Amino acid sequence: MANLDTGAVASHNVVPGGLDPERTQSGWVVKLHNRVRELAVSVGASVTHEALTLWLPPQWRPDAPAVQRYELEAEAVAGFDNMPWRLFLGRNHPAPPVDPAERLARLCVLADLLLLDLVIEVRREGLGWDVRYEVPGSPVPMFRTGRLDLPEALAHTDVAGALAGLAERGRGVAARLMQPDRPRPPAVPAVDVDQLERRILADCVDPADGSELPGAQAIWRNGRWWHTSLRDGAPVETLVEQLTGQVVRRVRVPLRRGFTPPEPSWLGAEIGWRPCPDCVPGSRLRSCDCRLRGRGMDPGCPHCHGAGLRTSALACFTCDGTHRLHEAVMLTLTDLRHRIVHLTWHAGTPEEVTLAATQPGGKPVVQLPDRYRLATWAPILGVRPEDLAEADGGHEIESDLRGGYVTLPWAGADPVAEHVRVAGRGQPAARLIVAAVRPDAPPLTELIRLALGLDLALEVSLCDLRHNADDPLRIGGLRWSVELRPRDAPVRPDQWPYRQTLEAALAWCVEFLPDTVAGVVPVDAAVPIPVPAAAPSDLPADPVPVLLRLAARHAGQVLTVRFTRAGCTLYLHHDEGMHLLAEALDLHDIER
C-alpha cells in the first residue's frame, strides 16, 4: 500500500502460517482485503478496492497438524500467483462516492450531444449489468463481464468506459450522415435508478408464457428510454482455421432485440462506399507490399511470387478489416463534458491544397485547409493538439490528421478522399470520435517518490524533435516514456519514447502500474518477492525543466534518466547502443 500524498509505503507478505482463515458456507477463506485495509490505515491512506479472497483447499482444518496446514496453505498461496505482488495506491482523503443517478443523467446528456445510443443491459446468466455507448443500429454484442446490479455498473462506468469498444460493436453498421442541427431533445429528466432497474429485470420474463429470456436492454435515444427484451437469434456457423491448417466448425447463437426503437431524428442519408481493393473478405489475403508500393505485381517477389496477394494475420492497412472505403467521414471532437464539434468531410470536395513535401519515391505530400486540420480545433476545446486522442481506446491521433497532411498515391489523386479514408479507417459507421482531454495523471515528482518508496527504478526517456515541426515527413515535437523497472535492471539500449506528452506517458504508467509491478517479481522462485516499506517523505525537486534543457542540448537523440534510491543516472542512446553521460544524487547536480 502506497500513499501518493505522503510517499509512505507499507507491505504485508502472505505466507503459510500467518493467514488467519475464516469459516464461510463455502469453506475456509482468507480475506486479504482486511489486510489491505490495515495497511491503508498504517500509511494514512484511503483506498477503494475489490474483495480479495484466498480460498484454502477443502482438506484444510484448523485442528490438523501444523505441517499439514502449512502445506495446504502454501498450495493456496502458490495458486494465487496470477498477480504475485499487488500494489494499491491511496490518497489522504477518499474520492467522493459516485451518485448513480447523477452519473446516469450525465451519460444520457452526453449521448444526446455525441449522437449515440446509451445502452443499459442485463443478461440472465449471472445477472451481469453493462452500461455502454453504441452507434444506432449496432447488433447485440457477445456478453461482457458485468456488474452485480445497475448502481454498481454505473459507479464503475465513466464516460471513457462507456465509449470503450465502440468501434468493435459498430463495425458492421451502415454509415449514414448526421444532422446535428436538428432540434435537440429536452433536458434529461430525473431518473429513478431503482425503478429503471426493476423495469429492465421485468423485461427478462416472456409475458406470453412466463419463461426466462436471455436478457433485456434499456436504450436512451432521442431523449427518452426504449425498452426491449433479448431473445435467441438464428444459429451462426463459422469455420475457423487453426495454426496447424485444420479447420474447426463453430456454432454460436447470437442474441437479437425483441423490439427495435425508431430511428433517431438526426440520422440522414446513407453514405456511399466502395469495396477495399487491398483485401479479400472472409480470408487472410492482403495486398502484398510489392503491389502497395505502386510497382504493380512483381513476379520476383519472394512473398507473393507475382500474385499480388499474400496471407497476413494483421488487419488490412487500407480498411482495417471492414472491407469498406466510405465516401464521407463524420468527426466528433469533444471534451467529454459539454463542448462538442461535429465535422463532415466528403470525398470529391474540391479544395485548394499546398504542396508540403515529396516522399522519397516521388509521391507528393499536400496540406489541406484549416477545416481538415484537427489541430486547429484543439484550442477551441481548450487542449493542445497533441492531447487529441481517439475516445475509444485513447490512441493518439496521427500527425497527418492533426496537420491535414495527405500523401497522394499519384499526382492528381483526390486529397480529400485520401484524408477521408485515413480518418474513417476501421471506425464504426464512418464516425471518428476524438477526445480533447488533457490526460489525468499525477506529477512526475509523485511517481519518482513512489518508485523510491517501492525500492524500484523509474526510467524517464525523452527525445526532442521540435526541429522537425515544419517537416511532415518526420516525427516532430517531444516524445516521452515513463516506466517502472526493477532496481538493478539495466537500461535497454533500444529504448524509444513514444508518447507525445509527459502527461500521457505518466497516465499510461499509472494505468498499467499493477501489471508492471507484477512483472518485476523475480523469475527465480528462490528469490523472495520484495516487501518494501518507506516513511512519509517530501516530494523531490521537479526534474522536468532540467530534462527539457538536457534534451534540447542533445536534440534528435534519446536521453534516459534513471531514478533510484542511490541517485540518478543519465544515458544517451545512439546508433551503436548507449553510454553513460553522468550520475549524481540529484538531476540538478548533473546539469551543473
Side-chain angles (χ1 to χ4, degrees), residues 110-119 132-141 162-182 219-222 254 256-257 260-282 315-334 340-349 351 368 371-372 374 377 390-393 395 397-398 400-401 406 413-435:
L110 199 58
D112 292 332
L113 294 175
L114 295 176
L115 306 181
L116 294 172
D117 286 346
L118 176 66
V119 178
R132 60 180 182 266
Y133 285 123
E134 287 185 357
V135 175
S138 297
V140 180
L163 286 167
L166 181 71
E168 182 181 357
R169 293 190 291 272
R171 185 172 289 267
V173 178
R176 297 176 62 177
L177 294 173
M178 300 185 302
Q179 305 175 74
D181 296 334
R182 290 288 181 91
I219 303 173
W220 178 265
R221 177 186 293 182
N222 266 7
R256 61 176 180 84
R257 296 180 178 91
T260 302
E263 287 187 346
S265 59
W266 40 262
L267 274 182
E270 288 193 14
I271 298 175
W273 58 277
R274 61 185 176 89
C276 176
D278 295 325
C279 63
V280 178
C316 174
F317 179 77
T318 304
C319 67
D320 198 30
T322 62
H323 198 61
R324 296 185 177 191
L325 301 182
H326 290 96
E327 297 175 356
V329 64
M330 295 155 292
L331 296 97
T332 300
L333 292 89
T334 173
I340 307 285
V341 175
H342 292 289
L343 304 173
T344 304
W345 298 341
H346 293 271
T349 304
E351 297 286 358
L368 289 164
R371 66 182 299 264
Y372 296 95
L374 297 186
W377 299 95
E390 292 188 28
D392 176 10
H395 307 293
I397 298 298
E398 297 179 12
D400 287 351
L401 284 179
V406 179
D414 181 4
V416 178
E418 290 299 311
H419 209 47
V420 166
R421 180 186 65 81
V422 174
R425 182 172 54 210
Q427 301 301 331
R431 291 195 58 183
L432 172 60
I433 301 179
V434 178

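Below, all heavy atoms of this structure are taken into account, side chains as well, without hydrogens, waters or symmetry copies. No experiment lies behind these values; they were computed from the predicted model shown.
- For the pair Glu418 (side chain) and Val406 (backbone), a donor-acceptor distance under 3.5 Å is absent.
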Please evaluate residues Cys319 and Leu325 with respect to the criterion side-chain contact (heavy atoms from CB on, under 4.5 Å), reporting the C-alpha separation (whole Å), side-chain torsions for both, the decisive distance (0.1 Å), and the verdict.
CA-CA 7 Å; Cys319 67; Leu325 301 182; 4.1 Å; yes
- Any chance you could lay out the side-chain hydrogen bond (donor to acceptor under 3.5 Å, both in side chains) test for Thr322 and Arg171, step after step, and finish with the verdict? CA-CA 7 Å; Thr322 62; Arg171 185 172 289 267; 5.5 Å; no
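- Salt-bridge check for Glu263 with Arg176: passed, with a basic side-chain N closer than 4.0 Å to an acidic carboxylate O.
- Side-chain contact between Ile271 and Met330 is present, with at least one heavy-atom pair separated by less than 4.5 Å.
- For the residue pair Thr332/Arg431, the side-chain donor-acceptor check at 3.5 Å is satisfied.
- Side-chain contact between Glu398 and Val422: present, with at least one pair of heavy atoms (C-beta onward) separated by less than 4.5 Å.
- To the nearest 0.5 angstrom, Ile340 atom CD1 is 4.5 Å from Leu114 atom CG.
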| request: Quick one: do Gln427 and Glu390 satisfy side-chain contact (heavy atoms from CB on, under 4.5 Å)? Show the steps, please. | output: CA-CA 10 Å; Gln427 301 301 331; Glu390 292 188 28; 3.7 Å; yes
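- You'll find the side chain of His346 stays beyond 4.5 Å of the side chain of Val416, heavy atoms only.
- Here Arg221 does not pair with Glu134 in a salt bridge; the nearest charged N to carboxylate O distance is not below 4.0 Å.
- Atom-to-atom distance recorded for Asn222:CG and Asp117:CG is 9.0 Å, nearest 0.5 angstrom.
- The side-chain heavy atoms of Ser138 and Pro428, taken from C-beta on, include no pair separated by under 4.5 Å.
- Between the side chain of Asp414 and the backbone N or O of Gly348 there is at least one donor-acceptor pair closer than 3.5 Å.
- Closest approach of Asp320 and Ala315 over heavy atoms only: OD1-CB, 3.6 Å.
- Of all heavy-atom pairs spanning Pro136 and Val173, the tightest one is O-CG1, 3.4 Å.
- A perpendicular orientation is assigned to the rings of Tyr372 and His419, their planes being inclined by more than 60° (bins at 30° and 60°).
- Distance check, rounded to the nearest 0.5 Å: CH2 of Trp266 to CE of Met178 gives 7.0 Å.
- The CG atom of Leu110 lies 9.5 Å from the CG atom of Leu118; values are rounded to the nearest 0.5 Å.
- At least one donor-acceptor pair closer than 3.5 Å links the side chain of Arg169 to the backbone N or O of Tyr133.
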Apply side-chain contact (heavy atoms from CB on, under 4.5 Å) to Leu374 and Leu333, showing your working. CA-CA 9 Å; Leu374 297 186; Leu333 292 89; 4.2 Å; yes
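- Put simply, the side chain of Ile433 reaches to within 4.5 Å of the side chain of Leu116, judged on heavy atoms.
- Between Trp377 and Val434, the closest side-chain pair of non-hydrogen atoms is not below 4.5 Å.
- Contact of the Trp220 side chain with the Val119 side chain is not registered, since no non-hydrogen atoms from C-beta on lie closer than 4.5 Å.
- Counting only heavy atoms from C-beta outward, the side chains of Thr334 and Leu113 never approach each other to under 4.5 Å.
- In this structure a side-chain-to-backbone donor-acceptor pair under 3.5 Å is missing from Arg274 to Arg324.
- Rounded to the nearest 0.5 angstrom, His323 NE2 and Trp273 CH2 are separated by 7.0 Å.
- Atom-to-atom distance recorded for Leu267:CG and Leu177:CG is 9.5 Å, nearest 0.5 angstrom.
- Although no hydrogens or angles enter the test, the distance criterion places a donor-acceptor pair under 3.5 Å between the side chain of Asp392 and the main chain of Ala167.
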